[in-house]
Amino acid sequence: MRILGIETSCDETSVALVEDGKTILKEATYSQIAVHREFDGVVPEIASRQHILHILPVLEKVITPSELSSVDAIAVTQGPGLIGSLLVGLGVAKALAYSVGKPLIPVNHIEAHLYAPHLFAEIPFPYIGLVASGGHTLLFLVRDFHHYEVLGSTIDDAVGEAFDKLAKVLGLGYPGGPLIDRLAQTGDADNFLETSKRPSLLPDTERDRYNFSYSGLKTAFTYRIQHLEDKASRLADICAAFQREAIDLLLRKSLNALKDYGMSTFVISGGVSANSYLRQRVMEWEKQGIHTFMAPLAYCGDNAAMVAGRGYHDALAGKYGNLRTDAYSRLDFVRKGKRML
Ligand code: KG4
Ligand code: ZN
């Protein structure tokens, strides 16, 4: 089954053609990072306008109008994400599906992230899955593609958001994750934060055994940095210390879940799964018998291949949309009184 995937939930305009949820036949992505950099973060209105400018040129790189009838379905990110951005992708996907008479597959962005490592490996179920990105920090017990439980999530900021905010405080630019990651490689975490003061080493409370909190960490670092006179010369140490705390918290909660549920397979995805310290730490878990699957760096962040791949499994399960399919955003979760996935 050949699926055309479209992703426009945040600041990447991405289109991909994927066969049977595995083989990426063609893909193209336009990243808006350079446009948002001047504002130190994603500006939703600019993001939507960038998508409307770039979506058809990106689509054209992947498929010509005459080739469209050869696809079996059109998968598109339905949400969660920035509503104006989502509407561009969904509008284009609906128009394409309508014009060639193919089914529409609305895809959940979090499920798509979790799928990304599946594009590259046969991953045995069940497993503990972690989605760590700019908007989400979620820990799952995944039984199969359609059955999973949310074990925990962030109670305030997402982990990627914390990286981005700290980078802003340090004057490093956007996005913060890769910049902090790079600087941290030459820093010494202990030089900035000694063991006795490390929040990631505090014991878990029963209630928050699988939950994350990042706003306190960000605030603690921000206050300390504001009072530093030699900030510039200690930048690498600050980055190393922050990265170690942020990532160790992810790892500790994940390990809690792996142990409690007796799992030996771990899947990490989302932009933060590109973090070099995180990737190196989970490789060390192999010795403890925990096998970790993660996507190659280019597929950790937002991309359409994961949308098409996830869409294939939704199609197999008969989860199709129709001409009235709507996008969903934070508002829908607020209305329903639910915590946003
Ligand atoms: O998955 P993604 O592209 O978009 C969302 O769905 O949010 O994730 C973007 C996030 C940003 O916050 C970015 O700073 C973070 O992923 N990120 C990283 C790294 N690369 C990207 N965080 C830590 N280390 C990295 N190497
Ligand atoms: Zn994402």
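Indexing begins at 1, ligand by ligand and atom by atom, following the structure's order.
Considering backbone and side-chain atoms together, Gly270 places no N or O closer than 3.5 Å to any N or O of ligand 1. Between Gly301 and ligand 1, not a single N/O pair is under 3.5 Å apart. Note: no N/O pair closer than 3.5 Å links Pro175 and ligand 1 by distance alone. In terms of polar-atom proximity, Ser276 is not counted as a contact of ligand 1, lacking any N or O under 3.5 Å from an N or O of the ligand. Any N or O atom pair closer than 3.5 Å counts here, and His136 shares no such pair with ligand 1. The shortest N or O to N or O distance between Phe163 and ligand 1 is not under 3.5 Å.
For the Zn ion (ligand 2), the N/O/S atoms of His136 include none lying under 2.8 Å. Coordination check, His109 versus the Zn ion (ligand 2): passed, since an N/O/S atom of the residue sits under 2.8 Å.
Residues Val142 and Val267 fail the side-chain proximity criterion, which asks for heavy atoms closer than 4.5 Å.
Checked against the Zn ion (ligand 2), the N, O or S atom of Asp302 at the shortest distance is OD1.
Closest to atom 21 (C) of ligand 1 among all protein heavy atoms lies Gly271 O, 3.4 Å. The shortest contact between atom 24 (N) of ligand 1 and any protein heavy atom is with Asn275 ND2, 3.0 Å. Looking only at heavy atoms of the protein, atom 14 (O) of ligand 1 is closest to Asp164 OD1, 2.7 Å.
Every heavy atom of Glu12 sits 4.0 Å or more from the atoms of ligand 1. Taking 4.0 Å as the cut-off, His113 counts as a neighbour of ligand 1 on heavy-atom distance.
Contacts between Asp181 and ligand 1, counted as non-hydrogen atom pairs separated by less than 4.0 Å, involve the side chain only.
Looking at every heavy atom in both residues, Ala167 comes nearest to Ile180 through N-CD1, 4.0 Å. Nearest heavy-atom pair across Ala16 and Ala305 is CB-N, 3.5 Å. Closest approach of Cys10 and Asp302 over heavy atoms only: CB-OD2, 3.7 Å.
Side chain to side chain, His146 and Lys319 meet the donor-acceptor criterion of an N or O pair below 3.5 Å. Using a 3.5 Å distance cut-off with no hydrogens or angles, the side chains of Tyr30 and Gln50 do pair a donor with an acceptor.
Considering Ser9, Ala116, Gly177 only, the shortest heavy-atom separation from atom 23 (C) of ligand 1 involves Gly177. Of all the listed residues (Cys300, Cys10, Gly134, Ala184), Gly134 holds the heavy atom that lies closest to atom 7 (O) of ligand 1.
Shown in contact with Gly135 at under 4.0 Å from a heavy atom are these atoms of ligand 1, numbered in order with element: 7 (O). If you number the atoms of ligand 1 from 1 as listed, the ones under 4.0 Å from a heavy atom of Gly160 come out as 12 (O). Close contacts of ligand 1 with Ala274, meaning ligand atoms under 4.0 Å from a residue heavy atom, involve 26 (N). Listed by number with element, the atoms of ligand 1 under 4.0 angstrom from any heavy atom of His109 are 6 (O).
Ring geometry for Phe242 against Phe221 counts as perpendicular: the plane angle is over 60°, on a 0 to 90° scale with 30° as the lower cut. Ring orientation note: the planes of Phe145 and Phe125 are nearly perpendicular, at an angle over 60° on the 30°/60° scale. The aromatic rings of His109 and His113 stand perpendicular to each other, their planes meeting at an angle above 60°, with 30° marking the opposite boundary. Taking the six-membered ring where the residue is Trp, Phe140 and Tyr148 present perpendicular rings, their angle passing 60° and hence far from 30°.
Residues Asp208 and Lys253 are not paired through a salt bridge, judged by the lack of any N-O separation under 4.0 Å between the basic side chain and the carboxylate. Here Arg244 pairs with Asp190 in a salt bridge; the nearest charged N to carboxylate O distance falls below 4.0 Å.
A cation-pi arrangement is present between Arg224 and Phe192 under the rule of less than 6.0 angstrom and at most 45 degrees off the ring axis.
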